[in-house]
Each structure stands twice: as structure tokens, then as C-alpha cells.
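Please read the structure below before turning to the comments.
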Amino acid sequence: MSDRTDILIVGAGLAGLFLALRLAPRKCTVICPAPVGQASSSTWAQGGLAAALAPDDSPEEHARDTVLAGDGLVDPVTAQLIAEAGPLRVRDLIELGVPFDRTAEGALALSLEAAHSKARVARVAGDLAGRAIMEALSAAASAAEHIEIIDGLKAIGLLSGSKKNVAGVLVRDSEGEVSPIYARETVFCTGGSGGLFRITTNPRESRGDAVAMAYEAGALIADLEFVQFHPTAIDIDRDPAPLATEALRGEGAKLINKDGTLFMPRHDPMGELAPRDRVARAVHIEALSDGKAFLDTRDAIGDEIEEHFPTVYSTCMSAGIDPRIDPIPVAPAAHYHMGGIVTDLWGRTSLKGLSACGECTSTGAHGANRLASNSLLEAVVYAARIADRLKGSDLPELEDTAKGISPPDLDDATLQTLRARMAAECGVVREGKGLAALLDWIIEQAEEFPAGLVPRALVVSELIVRSALRREESRGGHFRSDFPDTSDTPKRTFLYKGQAGPIFIDPPTSNA
């Protein structure tokens with residue numbers, strides 16, 4: 001393994017591999033903690049990739065749906081950008097061998113998901129889109145001569161150069177050895193932070209480490225209070241929780257209580273296809289009640305669930321639930337982080353030498369509530385833009401004397417307490433008293449460590465909770481029971497690291 005590279009990509013999910021492939025013929029190095037494709041949330045994505053591919057659809061309509069779902073905080077320029085590029089990126093994936101579902105006439109079979117005005121989600125075998133996309137990209141990346149893939153390495157800190165630019169990362173291997181990898185350009189493609197919550201659909205290792213590393217290095221961070229809770233994780237006491245894709249509700253599946261009564265009409269006029277935050281709150285309320293919450297696929301999908309949604313079917317059957325006969329128990333689970341490291345329209349962060357792509361970023365595409373299946377879309381659109389920017393660019397000289405720090409991981413007992421408290425006090429429904437108590441507890445845990453060596457999980461959790469406390473309104477994925485109304489002046493949350501902690505600032509006037 002070389003400890004020097006021109007372009008270092010941290011993460012081997014959809015964003016990282018698509019970026020690496022797009023960089024050809026420019027050489028790059030991809031690092032990941034597990035064998036390529038096995039540790040990414042992208043592999044678990046069930047719904048698919050949203051794009052305006054139907055004759056009666058358009059990028060303008062897709063962008064409009066994106067803005068509406070984001071509850072006042074989506075950057076319309078970014079929404080239009082990803083919507084316009086969507087069909088091109090789907091074609092790229094088809095050329096890489098992704099077997100998207102087709103109609104009998106050979107056209108792409110498109111699904112309807114929540115808050116979309118048109119059926120526009122390209123899928124694979126009903127609920128296997130993420131796995132199929134990652135299999136195709138993993139095969140292509142492994143065969144590409146310009147890509148060096150090194151697994152078994154976890155990035156644990158950024159290397160800071162003489163001018164405070166990013167000059168690579170510190171990594172820890174499977175034996176616990178820490179070493180530097182120097183790079184002229186580093187790109188974070190590390191996924192989200194769902195592992196900070198007790199119930200999540202993310203890999204447990206997805207705990208926002210990239211956000212913590214970028215924050216500690218001085219990067220601008222945004223919108224961390226906005227966590228999307230998927231309303232229909234399959235409630236069978238597994239960690240992470242398996243997902244019942246939203247496409248099931250797009251096909252007509254209904255949410256019921258244990259008595260078989262439909263409950264969404266009591267909570268929202270849009271019913272099962274309301275935006276995710278509203279469905280998640282309704283399921284949260286019902287799941288906590290005596291009635292519980294279930295997804296009923298029997299009438300709408302019936303026996304076809306085995307063929308059309310094989311992941312959901314096999315998961316249910318493994319837990320002793322036959323969805324052809326019985327409704328599926330569901331509960332909300334931390335699913336996607338709308339906040340993260342701020343980037344411009346070309347994936348540049350506020351730190352020279354550091355770019356970012358995918359769920360660890362805050363591009364302005366998702367606002368307060370991500371539109372279903374826009375995550376894979378944003379990942380490939382921004383990966384392509386970063387690659388196009390870097391492919392022929394002159395990069396700074398390599399600084400192989402740069403230094404970094406590597407804080408310890410949080411011990412498992414404290415981590416599990418943190419996850420439980422984040423779910424209870426900073427979850428689907430929040431209120432000031434619980435958030436304040438949680439913040440005090442996090443600060444107390446952090447004080448056990450030297451300055452600069454606080455475990456990443458505590459750093460990110462503190463920033464999420466502080467942001468949630470500061471936003472005294474309810475908007476999108478952030479619901480405050482003590483401030484249930486939405487303010488008339490939508491504002492994003494921006495922060496950076498000061499000497500005494502995070503400093504919150506007024507939003508920039510432009511995202512360009």
C-alpha cells in the first residue's frame with residue numbers, strides 16, 4: 001500500500017465508486033473499512049433512484065416536488081441541477097450494467113413514492129436497487145486500472161497541512177495500527193449518522209465520523225438537526241432494523257393498527273403517501289399506543305410480494321411473519337441525515353483540499369425533509385460533478401509532513417446509552433427539556449476526554465442536539481412538541497468550530 005496518492009476517496013458506497021469510475025483515466029485511491037460494497041448504506045437502498053424519465057414527467061416537476069418536500073429549506077438551484085442531471089446518470093448506470101426493471105414494452109418500470117407527483121423511481125426487482133447498483137459498480141471499479149481499492153482501513157482523522165489545508169487522512173487498519181495517507185485532494189463519501197440512534201436502517205458503523213472530522217478541522221457544517229426517520233422499518237428487534245420500502249405504499253399497501261383500522265386518514269389528508277416526516281410521526285404515535293402499527297400488503301400486493309419485493313418478503317419470513325397472510329409490524333427508524341458538511345455545486349467544502357459527496361454532505365438538495373429516492377440521485381450527480389472538476393485540474397503539491405489526531409472510539413456501553421437517548425430525546429418527536437438533559441449528559445461524557453480527543457460519536461451527537469435545541473419551530477424531519485408550529489421565515493442552520501465550541505452563523509446568501 002502506498003501512503004501517497006493524488007486523489008483519495010474515503011468510502012466505497014455509490015458516491016465513492018461512481019466518482020472513482022468517472023475520474024478515468026486519472027488515477028485515484030479508494031479506502032473502505034470492509035470489502036468493497038459491503039459496508040455501505042447504498043447496498044441496502046431498496047426504493048431506487050428518482051429521475052424524470054417518463055414521457056409525461058420533466059426535471060422541472062421533479063425539482064418542484066423536491067422543493068415542496070424539503071419544507072422551505074431546499075436550494076432551488078440545487079434541486080433543478082440534480083433533477084436535470086438525473087436521466088443522464090440513470091443512463092450511466094445502465095451502461096455499467098445495472099438491470100433496472102423494465103415494462104413489457106422495454107421501457108423503464110417506474111415506481112411512485114411518497115410526495116412525488118409522478119411515478120419516477122427506477123428500481124431493480126422491486127426492492128433490490130441498492131444491491132444491484134453496488135454489484136455493478138463494485139465489479140467495474142475492481143476491474144478499472146486507474147482505481148486502487150484498499151479495504152480494511154477506516155479514516156479516523158484529517159491531516160492538516162502547513163496552510164491548514166487538508167492533506168490526506170489518518171487511517172486505522174484491522175490490527176489497530178494508525179498511519180497516514182497523504183493526498184493532494186481528499187473526498188469524503190462516507191455515508192450518514194443513523195448509527196447514533198438506537199433504531200436505524202443504516203449500518204451501525206455509520207455514526208457521522210466525516211462530519212466530526214471536518215468540523216474539528218474547521219469546515220462549515222449545516223442542518224444537522226434534520227434527521228429523516230423512515231416510517232416503516234420492520235419492527236422485529238434487529239440492529240440495524242430491516243426496511244419495508246416505501247414502494248410498498250406506492251403500490252397501495254396501507255398502515256393499520258392491531259385492530260385492522262386504517263390510521264393515516266386521522267393524521268394526514270395525503271394518507272400513506274404523505275411526506276416521510278409526517279408519516280413517521282403518525283407511525284411513531286401509533287407504535288407507542290396499545291394499537292401498535294403495521295403495514296398491510298395483503299390486499300394491494302398479496303402473493304406477488306415474494307417476487308416483486310423479495311428483500312421484504314425474505315426478511316419477514318425469517319422472523320416468522322408471512323406478509324401474504326399477516327400485516328408487517330413497523331416503527332420509525334433513523335434513515336437519512338439531511339445535514340452534513342457544506343459543499344458548493346461542485347462538491348467543494350470550505351476547506352482547501354477537501355471535497356465531499358453523498359449523505360455526509362449538506363448541498364441544499366434535501367432541505368428539512370428528503371424527497372424519497374433523491375439520495376442515490378444526489379450521490380451520482382455530485383460524484384460526476386466532482387470527477388469532472390478534478391479529472392483535468394492541477395492539484396496542490398503533496399504535503400507529506402501534515403499532521404492529524406486520532407481520538408478513541410466510544411466504549412460500547414456508553415455508545416448504546418447514547419443511541420438510546422438520541423432516539424428517545426432527539427428522535428421523531430423532540431422537546432426542549434429532553435434535548436437540554438441529553439446535551440448535559442453528552443457534555444459530561446465528553447469531559448472525560450482531553451480536548452481534541454473526544455470520540456467522534458459524542459462530537460456529532462452534541463452538534464445535532466445543539467442544532468435541534470436552537471431551532472425553536474417544527475419543520476420537516478425536526479418536530480418540537482413544545483414548538484409545533486412552522487415559522488414564517490425559513491432559515492438553514494450553519495455552524496463551525498470556535499475555541500469554546502460550535503459557533504452558529506447566519507446563512508450565506510448563495511449556494512453557488
Side-chain angles (χ1 to χ4, degrees), residues 9-24 28-51 53 86-102 108-111 121-153 189-192 201-203 205-206 240 242-247 306-315 318 335-336 357-359 373-384 387:
I9 299 170
V10 182
L14 174 60
L17 294 186
F18 194 82
L19 167 60
L21 289 165
R22 183 89 176 193
L23 278 168
C28 62
T29 300
V30 178
I31 63 169
C32 47
V36 63
Q38 292 187 16
S40 70
S41 296
S42 303
T43 303
W44 298 358
Q46 291 184 7
L49 192 150
L53 294 158
L88 294 173
R89 301 291 78 85
V90 171
R91 293 185 187 105
D92 290 340
L93 292 171
I94 292 172
E95 289 181 5
L96 286 166
V98 177
F100 288 111
D101 292 352
R102 301 278 182 169
L108 287 171
L110 303 174
S111 295
V121 180
R123 65 188 191 184
V124 180
D127 59 9
L128 293 175
R131 183 185 304 174
I133 291 171
M134 288 304 300
E135 285 176 353
L137 264 62
S138 297
S142 298
E145 293 184 357
H146 72 285
I147 302 173
E148 179 188 20
I149 299 175
I150 310 171
D151 61 34
L153 296 181
C189 302
T190 58
T201 62
N202 294 178
E205 297 77 17
S206 294
L243 185 65
T245 173
E246 197 160 90
E306 181 177 2
E307 179 182 353
H308 291 174
F309 298 95
T311 305
V312 173
Y313 175 78
S314 62
T315 298
S318 72
H335 184 60
Y336 191 88
C357 184
E359 192 176 348
S373 291
N374 265 1
S375 54
L376 300 186
L377 171 66
E378 181 202 35
V380 292
V381 169
Y382 271 82

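For the pair E246 and V121, the minimum side-chain heavy-atom distance is 4.5 Å or more. Looking at V90 and L108, their side chains come closer than 4.5 Å, going by heavy atoms from C-beta outward. N202 is listed as a side-chain neighbour of E359, based on a closest heavy-atom distance under 4.5 Å. Taking 4.5 Å as the limit, some side-chain heavy atom of M134 sits within range of a side-chain heavy atom of L17. The shortest side-chain heavy-atom distance between T201 and P240 does not fall under the 4.5 Å cut-off.
Residues passing the ring-ring contact (aromatic ring centres under 6.0 Å, His included) test with F309: none are found, sequence neighbours excluded. E306 pairs by the side-chain contact (heavy atoms from CB on, under 4.5 Å) definition with Y313, R324, not counting sequence neighbours.
The heavy-atom pair separating L376 from G48 by the smallest distance is CD1-O, 3.3 Å. When all heavy atoms of A20 and V30 are compared, the pair lying nearest together is CB-CG2, 3.9 Å. The two residues A136 and V98 make their nearest non-hydrogen contact at CB-CG2, 3.8 Å. For the pair A387 and R22, the tightest heavy-atom approach, listed with the atom from each and the gap, is CB-CG, 3.2 Å. Here the closest non-hydrogen pair linking A34 and C32 is O-SG, 3.2 Å. Closest heavy-atom contact between V36 and S142: CG1-OG, 4.1 Å.
To the nearest 0.5 angstrom, L110 atom CG is 10.0 Å from R102 atom CZ. For the atom pair CD1 (I149) and CD1 (I31), the distance works out to 12.0 Å, reported to the nearest 0.5 Å. Note: T29 OG1 to E148 CD = 4.5 Å, rounded to the nearest 0.5 Å. Taken from CD1 in I147 to CG in L21, the straight-line distance is 4.0 Å, to the nearest 0.5 Å. Note: H308 NE2 to D101 CG = 8.5 Å, rounded to the nearest 0.5 Å.
A donor-acceptor pair is defined here as one N or O able to donate and one able to accept, closer than 3.5 Å; no such pair exists between the side chain of D151 and the backbone of P33. Without hydrogens or angle criteria, S318 side chain to T315 main chain gives a donor-acceptor distance under 3.5 Å.
A side chain to side chain contact (heavy atoms under 4.5 Å, CB included) with V380 holds for exactly one of D92, I133, L49; it is L49.
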For residues 9-16, please give each side-chain donor-acceptor pair under 3.5 Å, one per line with the distance, not counting sequence neighbours.
none

(message) For a side-chain contact (heavy atoms from CB on, under 4.5 Å) check, start with the C-alpha distance between C357 and L19, then their side-chain angles and the critical distance, and finish with the verdict.
(response) CA-CA 9 Å; C357 184; L19 167 60; 5.5 Å; no
